[in-house]
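Everything quoted here is computed from the prediction, not taken from an experiment.
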Amino acid sequence: MSKNKRSSRISRIVFFVSATLLIAGLFYNQILPDMISNIIKVILVLLIIAVILIKVRKLILITLSVFMFIASGTLFYSQYSINRLISQENTEIDVITLVVLKNSPLTSIDDLKDKKIGFAQQMDTGLVKYIKTTITDEVGPYSTVSYEDDLINLAKLYDKTTDVMVLDNSLRETIIELNPDFELKTRIIATIKKVTIKDDTSIPIDTSKDPFVILISGVDSRTAGAVMDKARSDVNILMIIHPKEHKILTISIPRDTYTPLACRNGAMDKLTHSGIFGIDCTVETIEDIVKVLGTIEVYSQYAFKVIYYEKNITYSFIKGMNKMNAEKALVFARERHALPNGDFQRGINQQEIIKGIINKVIEPQTLLKVESLIKVASKSVVTNMPIESVMNLIQEQISNNTPWTITTSALVGKDDYQPTYSMGKNRLLYVLWPDQTALTDLKLKIDAFMNPTD
């Protein structure tokens with residue numbers, strides 16, 4: 001066989017291999033709209049037939065092969081990236097710490113034999129059983145006592161009635177807020193984790209055309225990779241999406257909203273404490289995502305200044321559009337004391353951050369940073385949204401690349417001090433009673449958004 005024939009044969013083999021890879025990529029990739037994918041498949045079939053029946057120049061075969069290799073690689077990589085981005089972990093983690101006084105001789109779980117251990121009555125009975133079994137398996141006999149709430153439990157640790165306080169780590173920040181010297185007086189000798197499989201509460205819909213609602217909930221945890229740990233839900237935003245009209249309505253619900261806990265038979269508590277019993281996501285994602293994006297444009301309704309004590313820097317925000325890097329955006333999202341309406345305005349600001357991120361993400365140049373974005377989001381975000389629903393939304397956006405109109409709103413209420421389920425009836429905490437008129441108006445707004453009459 002001559003060199004030319006051998007070279008031509010190799011070119012044809014490479015062409016068929018690259019065509020096969022591209023066909024496989026088209027079937028694997030769910031991002032491309034079906035119409036576009038089917039058109040490419042038809043073109044590929046015609047090309048393969050042409051190469052079989054007609055003698056095609058080697059240069060053309062090589063050019064087509066290179067193009068198809070690149071195209072197939074793009075299809076495989078883009079779908080692989082989406083699969084990594086959409087983390088659908090179906091687990092949540094209870095993190096329990098065994099707390100002793102600073103000068104206690106106890107140093108580990110092995111020292112708990114014959115000691116007295118205090119539990120709070122609000123702790124889930126199944127979790128209490130798990131903790132007791134874990135300790136028994138490690139050390140053998142010991143005694144327990146149940147107190148009305150964690151504050152009484154802590155008081156009994158302080159007066160040495162008990163040797164150890166069992167503390168749900170999701171309540172640690174609340175304990176510190178109420179007892180600023182808590183970390184100075186105590187230390188942790190052991191940590192127990194319990195992993196639970198969550199029920200799937202998602203509702204399958206066609207997200208390419210049907211309106212749907214997403215709850216964005218950010219947990220009060222600054223531990224890297226702790227997105228599945230139970231913690232206070234300090235950010236709660238409803239995002240109502242109407243894909244056909246390319247409209248988004250975001251509604252901020254203040255963290256201190258006083259509301260019945262569905263998971264505790266209607267016991268009254270702050271909304272932020274609902275996360276103690278199982279809420280996913282994290283507000284810290286804001287910092288990392290904006291860091292990858294570079295800067296975002298965010299609107300502020302007020303001019304104000306904030307001292308960022310961690311670095312002793314003062315940040316100034318003007319009324320109007322502000323260019324923000326990661327650190328400045330995080331300060332903006334956290335601040336409430338410098339704002340006229342406190343936590344209510346902070347919720348509005350967090351919605352403006354989300355709007356700024358969306359506007360930045362849809363810029364073409366952001367595609368160059370997709371790998372960095374995925375690395376951040378995959379560690380910081382979990383969702384129960386089915387991947388098919390995400391794919392439908394992406395396909396619709398590709399087919400109809402229309403800008404999104406984003407409207408913001410917020411629940412308002414009346415300040416008060418009330419007992420809470422998580423901290424017990426003996427301590428009054430700041431809460432916000434939802435304004436019933438505002439609540440009714442928001443319900444009507446959601447209904448009109450989900451079911452437009454025109």
Subject >> Main-chain N/O of Lys129 paired with Thr133 side-chain donor or acceptor, under 3.5 Å >> reply: yes

Original post:
Any idea which heavy atoms bring Ile348 and Gln301 closest together, and the distance?
Top reply: CG2-NE2, 3.7 Å

Original post:
Side-chain contact, heavy-atom cut-off 4.5 Å: Leu442 with Ser409?
Top reply: yes

Original post:
Going through the checks in order, is the side chain to side chain contact (heavy atoms under 4.5 Å, CB included) test met by Arg172 and Ile176?
Top reply: CA-CA 6 Å; Arg172 187 175 185 83; Ile176 293 172; 4.1 Å; yes

Original post:
Taking atom types as modelled and ignoring hydrogens, do the side chains of Asp415 and Tyr430 form a donor-acceptor contact shorter than 3.5 angstrom?
Top reply: yes

Subject >> Side-chain heavy-atom pair Val166, Val99 within 4.5 angstrom cut-off >> reply: no

Subject >> Lys305 bridged to Glu335 by N-O distance under 4.0 Å >> reply: no

Original post:
How about Tyr147 and Phe119: are their ring centres within less than 6.0 Å of each other?
Top reply: no

**OP:** May I have the step-by-step check of side chain to side chain contact (heavy atoms under 4.5 Å, CB included) for Met165 and Ile117, ending in yes or no?
**Re:** CA-CA 6 Å; Met165 172 188 184; Ile117 302 175; over 6 Å; no

Subject >> Reported CG-to-OG distance for the pair Asp114 and Ser143, which is rounded to 0.5 angstrom >> reply: 8.0 Å

**OP:** Hey, could you give me the NZ/CG distance between Lys115 and Asp163, rounded to the nearest 0.5 Å?
**Re:** 5.5 Å

Original post:
Okay, side chain of Asn29, backbone of Phe76: is any donor-acceptor separation there less than 3.5 Å?
Top reply: no

Original post:
Taking atom OG1 of Thr134 and atom CD1 of Ile96, what is their separation to the nearest 0.5 Å?
Top reply: 10.5 Å

Original post:
Nearest 0.5 Å, what's the CG-CG distance between Asp168 and Asp94?
Top reply: 6.0 Å

Subject >> Check: Ile240 and Ile248 side chains under 4.5 Å, non-hydrogen atoms >> reply: no

Original post:
Do any N or O atoms from the side chain of Asn322 and from the backbone of Met324 form a donor-acceptor pair under 3.5 angstrom?
Top reply: no

Original post:
What distance separates Thr407 OG1 from Lys445 NZ, expressed to the nearest 0.5 Å?
Top reply: 8.0 Å

**OP:** Please check if the side chain of Asn38 supplies one atom and the backbone of Asp34 the other of a donor-acceptor pair under 3.5 Å.
**Re:** yes

**OP:** With the side chain counted from C-beta on, respond yes when Ile307 and Ile313 share a heavy-atom pair under 4.5 Å apart, and no when they do not.
**Re:** no

**OP:** Check whether the side chains of Asp416 and Gln418 place a donor and an acceptor atom closer than 3.5 Å, and report yes or no.
**Re:** yes

**OP:** Please say whether more than 12 non-hydrogen atoms of neighbouring residues, nucleotides or ligands are located less than 6.0 Å from CG in Asn312.
**Re:** no

**OP:** Heavy atoms only: give me the nearest Gln122-Asp150 pair and the separation to one decimal.
**Re:** OE1-N, 4.2 Å

Original post:
Rounded to the nearest 0.5 Å, how far apart are CD1 of Ile189 and CG of Leu98?
Top reply: 5.5 Å

Subject >> Non-hydrogen side-chain atoms of His246 and Thr405 separated by less than 4.5 Å >> reply: no

Original post:
Are Pro105 and Asp111 side-chain neighbours, meaning at least one heavy-atom pair lies under 4.5 Å?
Top reply: no

**OP:** Any chance you could lay out the salt bridge (charged side-chain N to carboxylate O under 4.0 Å, His left out) test for Lys102 and Glu183, step after step, and finish with the verdict?
**Re:** CA-CA 9 Å; Lys102 202 73 146 185; Glu183 291 190 307; over 6 Å; no

**OP:** Examine distances only and state if a side-chain atom of Ser300 and a backbone atom of Tyr302 form a donor-acceptor pair shorter than 3.5 Å.
**Re:** yes

Subject >> Side-chain heavy-atom pair Ile192, Tyr130 within 4.5 angstrom cut-off >> reply: yes

**OP:** Tell me, yes or no, whether the heavy-atom count around Lys194 atom NZ, taken from other residues, nucleotides or ligands under 6.0 Å, exceeds 12.
**Re:** yes

Subject >> Exam field: side chain Asn153 to backbone Gly118, donor-acceptor pair closer than 3.5 Å >> reply: yes

**OP:** Check the pair Glu138, Thr136 against side chain to side chain contact (heavy atoms under 4.5 Å, CB included), reporting the backbone distance first and the verdict last.
**Re:** CA-CA 5 Å; Glu138 289 283 337; Thr136 301; over 6 Å; no

**OP:** Identify the two heavy atoms, one from Val139 and one from Ile109, that lie closest to each other, and give their separation to 0.1 Å.
**Re:** CG1-O, 2.7 Å

Subject >> From CA spacing to verdict: side chain to side chain contact (heavy atoms under 4.5 Å, CB included), Val164, Lys116 >> reply: CA-CA 7 Å; Val164 180; Lys116 183 178 286 188; over 6 Å; no

Original post:
Is a side-chain N or O of Asp124 found less than 3.5 angstrom from the main chain of Leu127, in a donor-acceptor match?
Top reply: yes

Original post:
Quick one: does Ile135's side chain get under 4.5 Å of Tyr142's, heavy atoms only?
Top reply: yes

Original post:
Under the 3.5 angstrom rule, does the side chain of Asp435 hit a backbone N or O of Ala438 as a donor-acceptor pair?
Top reply: yes

**OP:** Using the six-membered ring wherever Trp is involved, compare the ring planes of Phe332 and Phe304 and label them parallel, tilted or perpendicular (cut-offs 30° and 60°).
**Re:** parallel

Original post:
Looking only at heavy atoms, which two atoms of Leu151 and Asp149 are closest? And how far apart?
Top reply: N-OD1, 3.0 Å

